[in-house]
Amino acid sequence: MSLNRQQLQAVTGIDTPMLVLAGAGSGKTRVVTEKLAYLVERGFSPAQLLAITFTNKAAREMRERAAARLRDQAQGLTLCTFHALGLRILQAQVRHAGLRPGFSVLDAEASFKALKELAPPGLDNERLYALRQAVSQIKNEGQAPGQALAAARSAGERAAATLYADYQKRLAAWNAVDFDDLIRLPLAMLEDDEAVRSRWQARFRYLMVDEYQDTNGAQYRLLRALAGDRGAFTAVGDDDQSIYAWRGADPENLDRLARDYPDLRIVKLEQNYRCSARILRAANAVIGHNPRTHPKTLWSALPDGPAIRVLVCRDDGHEAERVAADLVARKEAVGGRWSDCAVLYRGNHQARALEQALRLAQVPYVVAGGDSLFDSAEVKDLLAYLRLIANPDDDGAFLRVVNTPRREIGATTLDRLGEQAARLNLSLARSAGQDGVLRQLPARAAAALARFDEQLAQWRRDAGHLAVDELLDRVLAGIDYDQHLLATSKHPDLVQRRRRSLESLKQILAGFARQRHAGLAELTQLVALLGDQDEDQRDAVRLTTVHGAKGLEFGHVAVVGVEEGIFPHDAAISEDRVEEERRLFYVAITRAKRSLGLSYSERRRRYGSIEPCQPSRFLDELPLAELHWEGREPERDAAHSRELGKAHLARLAALFDD
DNA sequence: ACGATTTTCAGCATC
DNA sequence: TGAAAATCGT
């Protein structure tokens with residue numbers, strides 16, 4: 001299949017900076033991979049090319065596509081997320097960034113915990129979230145603590161700036177960075193230091209940025225610093241699919257690009273190759289309810305396909321059952337692969353009812369995102385051990401593992417240790433290694449701490465000559481973790497599951513180590529960022545949030561919980577952010593190639609009690625002619641409705657026999 | 001210091 | 001409803 005005229009322009013335009021406004025399903029990924037190939041043809045070496053995405057999933061997808069297109073040329077390509085790029089820059093110039101080798105990358109949870117401890121005491125959660133948001137926003141604007149303090153006008157801004165300053169002091173003491181720092185610190189180096197800037201500008205001679213509408217202020221400046229005046233970049237994005245404003249994404253960056261690069265060329269991709277004409281009409285109708293700065297008119301040459309089904313259900317359990325039954329009926333009638341179907345929802349917690357129903361209906365499924373391997377306590381524990389071995393300053397890691405498994409080092413001992421550490425200006429783990437500190441403590445506590453310190457010292461020696469998986473085995477043996485698992489797991493199968501988690505962790509770490517030739521410190525840093533990389537390849541229905549489905553496509557898509565309060569979400573309604581929810585809904589329905597089902601419940605269990613629900617306003621925004629409503633039927637008619645469903649699906653099969 | 005029991009509270013999405 | 005935190009009792 002060849003490129004259309006706009007796609008060709010997007011691919012071959014390399015003499016001026018380029019912005020590609022790519023509608024949903026318009027072959028965006030294809031353009032990016034073709035362009036990478038084109039750049040190589042035109043004399044760029046793959047090592048000089050940098051392709052940036054926002055999510056690990058997108059990076060993985062792009063890597064596969066690039067490998068298929070570029071073959072062995074894809075090897076030298078740098079293809080990663082903004083944050084992974086930031087991490088590389090930091091690793092390459094650790095000292096310059098004010099860090100020491102072995103620094104820790106805090107995950108969102110650890111970072112919030114640190115922030116919470118520094119915030120004024122007695123704040124309710126709502127205020128804490130607001131503060132976290134405020135601090136993160138300051139960082140996403142690329143401001144240093146001093147700048148933020150100077151710029152603060154209101155009392156609220158001063159509170160956020162003060163907290164930010166304290167928080168950064170704490171991170172510095174821990175030799176740690178958070179996710180926002182992975183952008184902010186490299187940016188500061190690039191902007192402030194001519195030498196660093198030219199070094200990285202020489203390293204990357206052409207930049208591709210995917211999902212450009214999701215960039216925040218700091219990321220935009222990072223892009224500009226790397227591209228420099230050469231303007232050797234292509235940004236690909238779609239403002240209608242901007243769904244990360246809550247993460248600081250600023251679609252304003254689209255216009256900023258045109259201002260900063262007057263010779264910017266803009267190409268619009270408006271032919272959709274994915275969705276049936278009917279689904280696309282519905283999508284266009286929905287997004288038409290938003291004010292738009294870069295209006296696009298998406299069109300599809302594909303046939304209409306079946307009507308969009310709207311399922312009205314009794315409650316969330318019923319909804320899940322019907323979705324499951326629908327998937328079974330579809331499989332019987334149309335055949336095809338389970339993996340060509342997806343169930344999309346607004347929040348991860350909605351997966352639970354679906355899982356139950358799918359299990360009952362014996363439909364194979366995989367849940368994307370949600371709680372991964374890295375959310376389990378045992379994996380977090382062991383990763384914290386590794387982090388503490390790599391970075392003796394990581395107080396967060398120390399506190400997590402110091403008494404797991406029990407070492408008889410309790411809260412009082414840690415309080416005393418904390419006082420001593422503060423006095424000496426040392427981390428907790430380092431203080432525990434000081435005789436002077438231990439002498440201040442009761443003999444029992446001091447002995448326990450000394451034992452732990454000795455263990456750590458031994459592991460640090462081991463880390464020098466052992467592979468990660470071997471080191472992990474040694475740690476597991478040293479702390480008798482299996483015993484701890486047995487003692488803390490209520491069910492025997494839970495013990496099995498946890499053992500398996502640790503086995504997977506070992507595999508993943510060993511895999512990373514081999515693949516990236518990374519040492520212990522780099523491994524823990526990468527893992528914080530990348531999470532679980534292996535995709536489940538089984539033929540199974542995919543359950544995912546709408547956010548997680550961005551960039552993916554499926555023959556059949558079911559969107560559940562299309563209700564006021566869920567989609568759009570309550571918080572979005574009260575905070576006047578329905579437009580982003582509408583874009584999210586637009587993303588959801590444009591994942592579907594051939595058939596689309598939407599469903600909502602009349603009642604739903606929320607926080608324990610059963611509450612009545614209203615259908616989502618987005619349903620009213622869909623063209624009535626494209627919809628086929630199916631109210632809830634009496635149970636005795638379930639078989640009948642199944643037959644109806646089959647007849648419907650048989651027609652569908654006749655339309656699309658591929 | 002630790003496990004058992006009661007109370008609270010509800011983050012929506014990701015790096 | 002269910003998980004996490006706070007409190008209680010040994």
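The sequence lines fix the lettering, A, B, ..., with proteins before strands; numbering per chain opens at 1.
Within 3.5 Å, a donor on the side chain of Arg346(A) pairs with an acceptor on the base of dA13(B), or the reverse.
Between dC12(B) and Thr545(A), no contact under 4.0 Å exists linking OP1 or OP2 to a side-chain N or O. Regarding contacts with the backbone of dC12(B), every side-chain N or O of Arg577(A) stays at 4.0 angstrom or more from both OP1 and OP2. Within the structure, every side-chain polar atom (N or O) of Asn348(A) is placed at least 4.0 Å from both OP1 and OP2 of dG11(B). Side-chain N/O atoms of Arg406(A) include none lying less than 4.0 angstrom from OP1 or OP2 on dA1(B). Between His569(A) and dC12(B) there is a side-chain N or O to OP1 or OP2 distance below 4.0 Å.
Note on Tyr129(A): a base of the nucleic acid sits closer than 4.0 angstrom, heavy atoms only. Contact annotation for Ala108(A): base contact, defined as any heavy-atom pair under 4.0 Å involving a base atom. Across all strands, Asp570(A) comes closer than 4.0 Å to no nucleic acid atom at all (heavy-atom distances). Using a 4.0 Å heavy-atom distance criterion, Ser609(A) is classed as making no nucleic acid contact.
When the C1' atom is used for both dC12(B) and dA5(C), the distance is 22 Å, rounded to whole Å. Between dG11(B) and dC15(B), the distance separating the two C1' atoms is 16 Å to the nearest Å.
Remark: ring of Trp246(A) overlaps the six-membered base ring of dA13(B) in a stacked fashion, centroids less than 5.5 Å apart, planes less than 30° apart.
Rounded to whole Å, the distance from CZ on Phe112(A) to P on dA10(B) is 10 Å. If you take CG of Leu87(A) and P of dC15(B), they are 15 Å apart, rounded to a whole angstrom. Atom CD in Glu580(A) sits about 13 Å away from atom P in dT14(B), given to the nearest Å. Per the geometry, CG belonging to Asp178(A) stands 18 Å off P belonging to dT14(B), to the nearest Å. Rounded to a whole Å, the CG atom of Asp214(A) is 12 Å from the C1' atom of dC15(B). Summarising the geometry, the separation between CG on Leu414(A) and P on dA1(B) is reported as 9 Å, rounded to the nearest angstrom. We find that CG of Asp124(A) is positioned 12 Å from P of dG11(B), with the value rounded to whole Å. Rounded to whole Å, atom P of dG11(B) lies 14 Å from atom CD1 of Ile566(A).
Under the 6.0 Å cut-off for aromatic ring centres, Phe54(A) and Tyr244(A) do not qualify, their centroids lying 6.0 Å or more apart.
In summary, contact between chain A and DNA chain C, defined as any nucleotide atom under 4.0 Å from a heavy atom of the protein, begins and ends at dT1(C) to dG2(C) in the 5' to 3' direction.
With the nearest nucleotide of DNA chain B identified for both Ala572(A) and Phe82(A), Ala572(A) has the one nearer the 5' end. When each of Thr55(A) and Gly410(A) is assigned the nucleotide of DNA chain B with its nearest heavy atom, Gly410(A) is the one assigned upstream, toward the 5' end.
Side-chain contact of Gln93(A) with Trp200(A): a donor-acceptor pair under 3.5 Å is present, judged by distance alone. Side chains of Lys28(A) and Gln241(A): a donor-acceptor N/O pair is absent below 3.5 angstrom, by distance only. At a cut-off of 3.5 Å, with distance as the only test, no side-chain donor of Ser601(A) or Asp316(A) sits close to an acceptor on the other residue. Looking at Asp394(A) and Ser104(A), their side chains do bring a donor and an acceptor atom within 3.5 Å of each other.
Checking each of Glu581(A), Glu563(A), Glu564(A) against Arg346(A) for a salt bridge (Lys or Arg N to Asp or Glu O under 4.0 Å) leaves exactly one that passes, namely Glu581(A).
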- Hey, mind stepping through Phe618(A) and His289(A) against ring-ring contact (aromatic ring centres under 6.0 Å, His included) and telling me if it holds? CA-CA 9 Å; Phe618(A) 298 145; His289(A) 283 77; 9.0 Å; no
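Here the straight-line distance linking atom NE2 of His547(A) with atom CD1 of Ile243(A) works out to 4.5 Å at 0.5 Å rounding. To the nearest 0.5 Å, the span separating CE on Met208(A) from CG on Leu49(A) amounts to 9.0 Å. Distance check: Gln219(A) CD to Asn253(A) CG gives 9.0 Å after rounding to the nearest 0.5 Å.
Between Glu580(A) and Arg583(A) there is a salt bridge, with a side-chain nitrogen of the basic residue lying less than 4.0 Å from a carboxylate oxygen of the acidic one.
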Polar atoms only, N or O, under 3.5 Å: list the protein pairs with nucleotides 6-9 of chain B and their distances.
none

